[in-house]
Amino acid sequence: IFKLGSILGFGGNSLMGFATVINSLFIAITAFFTYLSVKKMKDCKAGLITLLFFVLNPIFYLFSSYFYTDTMCMPFAAIGMYLLICSIQNQEIKKKIIYSVLSGLVLAIGFKIRVVIGILIIGFIIAQFLNKDSIKNKVIPIFAIIIGFIIGVISFTIFSEQFGIIEDKN
C-alpha cells in the first residue's frame, strides 16, 4: 500500500491517510462479498444480518488503521469464496468452469499476499467430492480452479517483477 501511495505522490501524513482509506476499502469489500455469499447460500435476511454484524463489529473499524496482510487478503478470500459458492450452486458445466477459473484467479492474488488462502482451495476440492454431482461435474471445476490459480500466481509474479515489487520471503 505504501509503495503504491508513494508512486501516486502521497507522502507523510497523507500517505498514512491513503493507506487507511485503501485498508478500509478492502474491509468494506470483504463485508459486501460476505453478505453476497450468505445471501446466496441462505436468503436476503441472513445476508443482511451478517452485514449488520460486520458494520457493528468494532474490530473492523480498528483494523482500518493497521496495515496487516490479514486485511489485504480478506477481500480476495471473500470474492473467491463467493465465486466458489456460485460454482457449486450452478448446474451448467460451462458456468461452473467460468466461476471456478475466476475464483482461482482471485484466490491466487490472495494467496500471494497470505498463504492461508490456500485452505479455501482445499476446502473447495473437498466440497466438490462431497457434492452429489456426477464425476464429470466434480472433476472439471477442480481442474478449472487449479488452472485459474496457476494462471493467477504466474500473472501476479510477472506483474510484481515488472513493477519491482519485492515479495517478503519470511
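Computation of the quantities below employed the complete heavy-atom set of this structure, encompassing side-chain atoms and omitting hydrogens, waters and symmetry-equivalent molecules.
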Measure the [atom1]-[atom2] distance between [X] and [Y] for me, rounded to the nearest 0.5 Å.
X      : Y      : atom1 : atom2 : result
Ser87  : Ile145 : OG    : CD1   : 7.5 Å
Ile79  : Met74  : CD1   : CE    : 11.5 Å
Ile119 : Arg114 : CD1   : CZ    : 9.5 Å
Cys73  : Phe111 : SG    : CZ    : 11.5 Å
Leu84  : Met81  : CG    : CE    : 6.0 Å
Leu83  : Leu120 : CG    : CG    : 11.5 Å

Cluster question for you: counting only ILVMFWY and a side-chain heavy-atom cut-off of under 4.5 Å, with indirect links fine, are [X] and [Y] together?
X      : Y      : result
Ile85  : Ile93  : no
Val106 : Ile147 : yes
Ile151 : Ile158 : no
Leu48  : Ile29  : yes
Phe124 : Ile150 : yes

Please report the shortest heavy-atom distance between [X] and [Y], naming the atom on each side.
X      : Y      : result
Tyr99  : Asn90  : CE1-ND2, 3.6 Å
Ile113 : Phe76  : CD1-CE1, 3.6 Å
Ile97  : Ala144 : O-CB, 3.9 Å
Phe32  : Leu51  : N-CD1, 4.5 Å
Met72  : Pro75  : O-CD, 3.7 Å
Leu107 : Ala77  : CD2-CA, 4.2 Å

Go through the steps to decide whether Leu36 and Lys40 satisfy the test side-chain contact (heavy atoms from CB on, under 4.5 Å), and finish with yes or no. CA-CA 6 Å; Leu36 289 178; Lys40 190 144 194 74; over 6 Å; no
Counting only heavy atoms not in Lys138, do more than 12 sit closer than 6.0 Å to its NZ atom?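 Yes, the 6.0 Å shell around NZ holds more than 12 heavy atoms from other groups.
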Check step by step if side-chain contact (heavy atoms from CB on, under 4.5 Å) holds for Lys96 and Ile140. CA-CA 8 Å; Lys96 278 182 174 288; Ile140 291 175; over 6 Å; no
Take Thr34 and Thr50 through the test side chain to side chain donor-acceptor pair (under 3.5 Å) and record every step on the way to the result. CA-CA 8 Å; Thr34 302; Thr50 303; over 6 Å; no
Applying side-chain contact (heavy atoms from CB on, under 4.5 Å), run through Tyr35 and Cys44 and close with a yes or a no. CA-CA 8 Å; Tyr35 155 76; Cys44 189; 4.0 Å; yes
